[in-house]
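Take a look at the structure below.
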Amino acid sequence: MAVRPEAQTVRRLKALLEVTSVVRGERDLASVLSTIVRTVAEALEFRTVVLNLYRPAFDDFCVTTVHGSPAARKVLLGSTYEWSSWRPLLAERFREGGAYLIQHGSFDWSVDTGNRYVPEFDAPDDPEAWHPEDELFVPLEDSEGHVLGIFSVGEPRSGRRPTPEEIDVLVALAGNAAIAIETAQQAARTARHRAGLEQLLEVSSTLTAAGSTDAILSTVCRGIQTALGFQKVSLDLLEPRTGLLRSHATAGWEPDDAVVTRPLSFDAVRRLFDPAFEIAGCFLVPNDEARKRVDETQVTYRSQNNGRGPHAWNHHWLVVPLYDRTGEVIGVIWTDEPDDRLLPNADRLQTLRVFANQATTALLAAQQFEQMRFLADHDPLTNLLNRRSFVRELESEVARSRRYGRPIALLVFDLDRLKALNDTHGHAAGDEALRHVATTLQSVLRAGDHAFRIGGDEFALILPEATAADAHVAAKRITHEIRHSLPAEHWALSMSFGIAVCDGEGELAALMRAADHAMYEMKRNRETFGLVASDESKEDDLNAVA
């Protein structure tokens with residue numbers, strides 16, 4: 001029975017309304033595509049409706065949705081087609097309104113255009129009837145005129161080729177379908193961006209509780225991997241002394257991967273910081289441009305998750321510098337292998353930059369905390385342990401000496417002429433002398449010995465399991481090394497030593513008093529060491545120290 005024209009009009013209007021409702025709805029992309037294809041099939045009475053969705057990552061089209069027979073679904077679903085296959089089909093000679101009608105015999109299908117479904121029914125004699133070899137295509141364009149996909153419709157239930165009015169309705173439906181698809185895709189991107197920001201907030205809230213610096217950096221790398229969809233993330237810190245970038249945290253890499261184990265030259269990486277490739281503070285560099293700037297010896301990895309076409313990730317280099325408070329680079333974040341194989345858009349890169357800023361903030365805060373913790377136990381000028389640490393360590397060693405009956409030697413000394421050095425050559429020379437003494441102590445002590453700066457010009461050494469004779473030898477060695485490695489020829493150092501030994505019976509206070517008394521006794525007796533080269537014989541006077 002023929003369908004009345006007014007009934008067809010109502011049905012088509014309902015189809016337009018349903019597609020419009022999809023635009024306004026909150027459905028995911030798969031649901032949107034299924035609804036659109038079904039609506040087109042029911043409204044215009046086509047037995048077969050196929051949606052070829054454009055894939056920016058590969059610059060091709062993939063059949064994502066098929067409304068039709070099991071045979072049609074089997075042949076077409078999942079098929080892909082290059083742009084080169086579509087261009088001859090979307091030629092001007094086939095254009096009918098906003099669609100392309102390719103009638104039987106007007107195109108040579110022997111050319112390889114990919115998978116094609118041809119329904120099995122007898123070809124009619126009527127020239128206006130739908131032939132099994134006929135094809136009708138309708139491009140779907142987004143708001144900027146870019147092709148989102150292509151409808152392929154066939155097997156009209158009327159058995160006849162569509163009229164111009166029916167093609168107009170199909171094109172109108174396609175226009176609404178394009179809006180629905182664009183909206184769904186934008187919603188998916190927005191959802192990913194929102195998830196990235198939520199992940200960023202979660203990372204921010206856990207940074208202060210992450211503990212060590214490397215733990216903080218690992219948290220950032222995992223956050224980038226999860227929130228922004230990069231399978232590979234590495235965070236490298238710059239070693240100012242060597243000029244090398246070393247990996248301190250990763251996500252997606254194995255511990256023995258070259259990216260983790262091999263340091264990179266910062267000078268080479270710096271060449272990637274070209275303003276021409278900067279987006280939101282990140283540097284996204286095409287592979288050929290990166291290879292012009294970075295030597296082959298610095299290439300530790302080549303992307304595997306690549307695509308094709310102008311929007312695809314194709315061995316790109318994405319690096320984000322980490323800056324300190326003065327604007328100097330202190331490290332970089334590398335990201336690679338995007339899940340979607342697409343170049344990241346500006347929103348995604350902006351979020352990556354925020355992650356990098358969080359990493360920098362957390363890193364600087366952790367370094368400041370570590371510095372404060374270091375300074376709580378160390379002297380800031382010499383980096384030796386300070387008096388607070390000295391008292392704590394001496395208490396521990398004396399207690400151990402009592403428990404096990406093992407001796408411990410305490411050696412204290414000061415610089416006799418530091419004030420004169422400051423007055424003559426300035427406090428910078430005095431500071432240099434103190435640092436020189438500290439460096440000498442660190443170089444000559446045994447493993448297990450401890451050196452401290454306990455006052456302005458006063459130093460102490462705790463020598464576990466050492467006798468008085470061992471302490472005398474240490475004092476002579478210190479004197480000799482300081483005298484023969486002075487950094488300035490126009491000034492010299494002299495020292496007064498005091499030695500005390502705990503054999504398991506003494507008290508802490510008594511041990512400290514004995515060492516101080518011996519040092520000041522030596523100072524009073526003018527038994528100093530290392531004044532000038534002619535005073536070398538005075539090293540033997542150290543034997544008088546009690």
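Index from 1, following the sequence.
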message: Working note: Arg388 + Asp377, criterion side-chain contact (heavy atoms from CB on, under 4.5 Å); need CA distance, chi angles, decisive distance, verdict.
response: CA-CA 6 Å; Arg388 174 173 175 268; Asp377 294 321; 2.4 Å; yes

What do the steps show when you test Leu237 against Val332 for side-chain contact (heavy atoms from CB on, under 4.5 Å), and what is the final call? CA-CA 7 Å; Leu237 296 182; Val332 297; over 6 Å; no

Does Leu170 form a side-chain contact (heavy atoms from CB on, under 4.5 Å) with Val40? I'd like the steps, not just the answer. CA-CA 7 Å; Leu170 177 59; Val40 170; 3.8 Å; yes

side-chain contact (heavy atoms from CB on, under 4.5 Å) between Ser69 and Tyr117, intermediate numbers included
CA-CA 10 Å; Ser69 66; Tyr117 170 68; 3.4 Å; yes

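Between Arg262 and Asp257, no side-chain nitrogen of the basic residue sits less than 4.0 Å from a carboxylate oxygen of the acidic one, so the salt-bridge criterion is not met. Of the charged side-chain nitrogens involved, at least one lies within less than 4.0 Å of a carboxylate oxygen, so that Lys292 and Glu289 count as a salt-bridged pair. Taking 4.0 Å as the cut-off between side-chain N and carboxylate O, Arg348 and Asp340 count as a salt-bridged pair. Of the charged side-chain nitrogens involved, at least one lies within less than 4.0 Å of a carboxylate oxygen, so that Asp379 and Arg453 count as a salt-bridged pair.
Closest approach of Gly281 and Pro321 over heavy atoms only: O-CD, 3.8 Å. Contact between Cys221 and Leu235 at its shortest, heavy atoms only, is SG-CB, 3.7 Å. His67 approaches Ala41 most closely through the heavy-atom pair CD2-CB, 3.2 Å. Minimum interatomic distance between Val37 and Val49 (heavy atoms only, all atoms of both residues): CG1-O, 3.4 Å. The two residues Leu264 and Asp236 have their closest heavy-atom pair at CD1-OD2, 4.4 Å. Scanning all heavy atoms of the two residues, the minimum distance from Leu77 to Thr64 falls at CD1-O, 3.6 Å.
Contact check for Leu89 versus Glu135: no side-chain heavy atoms found under the 4.5 Å cut-off. Contact check for Val269 versus Leu245: side-chain heavy atoms found under the 4.5 Å cut-off. Between Phe230 and Ile333 the shortest side-chain heavy-atom distance does not fall below 4.5 Å. Residues Phe151 and Asn52 have side chains not in contact (no heavy-atom distance under 4.5 Å, counting atoms from C-beta outward). No side-chain heavy atom of Asp59 sits under 4.5 Å from any side-chain heavy atom of Arg55. Considering only heavy atoms from C-beta on, Glu254 stays 4.5 Å or farther from Val260 through its side chain. At a threshold of 4.5 Å between non-hydrogen side-chain atoms, the residues Asn287 and His316 do not count as touching. Looking only at side-chain heavy atoms (C-beta outward), Thr351 and Leu228 come within less than 4.5 Å of each other.
Annotation: Phe283 is not in aromatic contact with Phe277 [ring centroid separation under 6.0 Å not met]. The ring of Trp334 has its center no closer than 6.0 angstrom to the ring center of Tyr301.
In this structure, Lys232 contributes its side chain and Thr335 its backbone to no donor-acceptor pair below 3.5 Å. A distance-only check finds a donor-acceptor pair linking the side chain of Ser443 to the backbone of Thr440 [under 3.5 Å]. Ser85 places no side-chain N or O within donor-acceptor distance of the main-chain N or O of Tyr81, the cut-off being under 3.5 Å. Between the side chain of Ser303 and the main chain of Asn305, no donor-acceptor pair closer than 3.5 Å is present. In this structure, Asp457 contributes its side chain and Leu418 its backbone to no donor-acceptor pair below 3.5 Å. A donor-acceptor pair under 3.5 Å is absent between the side-chain atoms of Glu239 and the main chain of Leu244, judged by distance alone. Side-chain N or O atoms of Thr360 include one that pairs as donor or acceptor with a backbone N or O of Ala356 at under 3.5 Å.
Under the side-chain contact (heavy atoms from CB on, under 4.5 Å) criterion, Glu328 pairs with Asp324, Thr326, sequence neighbours left out. Listed by chain and number, the residues in a salt bridge (charged side-chain N to carboxylate O under 4.0 Å, His left out) with Arg302 are Glu296 (sequence neighbours excluded). With sequence neighbours excluded, no residue forms a side-chain hydrogen bond (donor to acceptor under 3.5 Å, both in side chains) with Arg47. The salt bridge (charged side-chain N to carboxylate O under 4.0 Å, His left out) search around Arg308 returns Asp60, Glu82, not counting sequence neighbours. Not counting sequence neighbours, Arg271 has no partner by the salt bridge (charged side-chain N to carboxylate O under 4.0 Å, His left out) test.
Using a 3.5 Å distance cut-off with no hydrogens or angles, the side chains of His315 and Asn306 do pair a donor with an acceptor. Between the side chains of Thr48 and Glu155, at least one donor N or O lies within less than 3.5 Å of an accepting N or O. Under 3.5 Å, the side chains of Asp267 and Ser265 contain no donor-acceptor pair of N or O atoms. Between the side chains of Ser234 and Trp253, no donor-acceptor pair of N or O atoms lies under 3.5 Å. Under 3.5 Å, the side chains of Ser143 and Glu182 contain a donor-acceptor pair of N or O atoms. No hydrogens or angles considered: nothing links the side chains of Gln231 and Asp336 as a donor-acceptor pair under 3.5 Å. A side-chain N or O of Gln186 and one of Arg189 form a donor-acceptor pair less than 3.5 Å apart.
Gln350 contributes atom CD, which lies 10.0 Å from atom CG of Asn345 (distance to the nearest 0.5 angstrom). Between the CZ atom of Arg291 and the CD atom of Gln298 there is a distance of 12.0 Å, given to the nearest 0.5 Å. Residue Arg270 holds its CZ atom at 8.0 Å from CG of Leu238, rounded to the nearest 0.5 Å. Taken from CG in Leu272 to CG in Leu318, the straight-line distance is 10.5 Å, to the nearest 0.5 Å. Of the inter-residue distances, the one linking His427 atom NE2 with Leu434 atom CG reads 11.0 Å to the nearest 0.5 angstrom. Here the CD1-CG distance, from Ile279 to Asp347, works out to 11.5 Å after rounding to the nearest 0.5 Å.
The side chain to side chain contact (heavy atoms under 4.5 Å, CB included) test with Phe61 is passed by exactly one of Leu148, Val147, Thr80: Val147.
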Which side-chain N or O atoms in residues 90-99 pair as donor and acceptor under 3.5 Å with protein atoms at least two apart or in another chain?
residue : atom : partner : partner atom : Å
Arg93   : NH1  : Ser106  : O            : 3.3
Arg95   : NE   : Gly97   : O            : 3.1
Arg95   : NH1  : Tyr100  : OH           : 2.7

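Using cut-offs of 30° and 60° for the angle between ring planes, the Tyr54 and Trp83 rings count as tilted. Between Phe374 and His378, the angle of the ring planes stays under 30°, which puts this pair in the parallel group of the 30/60° scheme.
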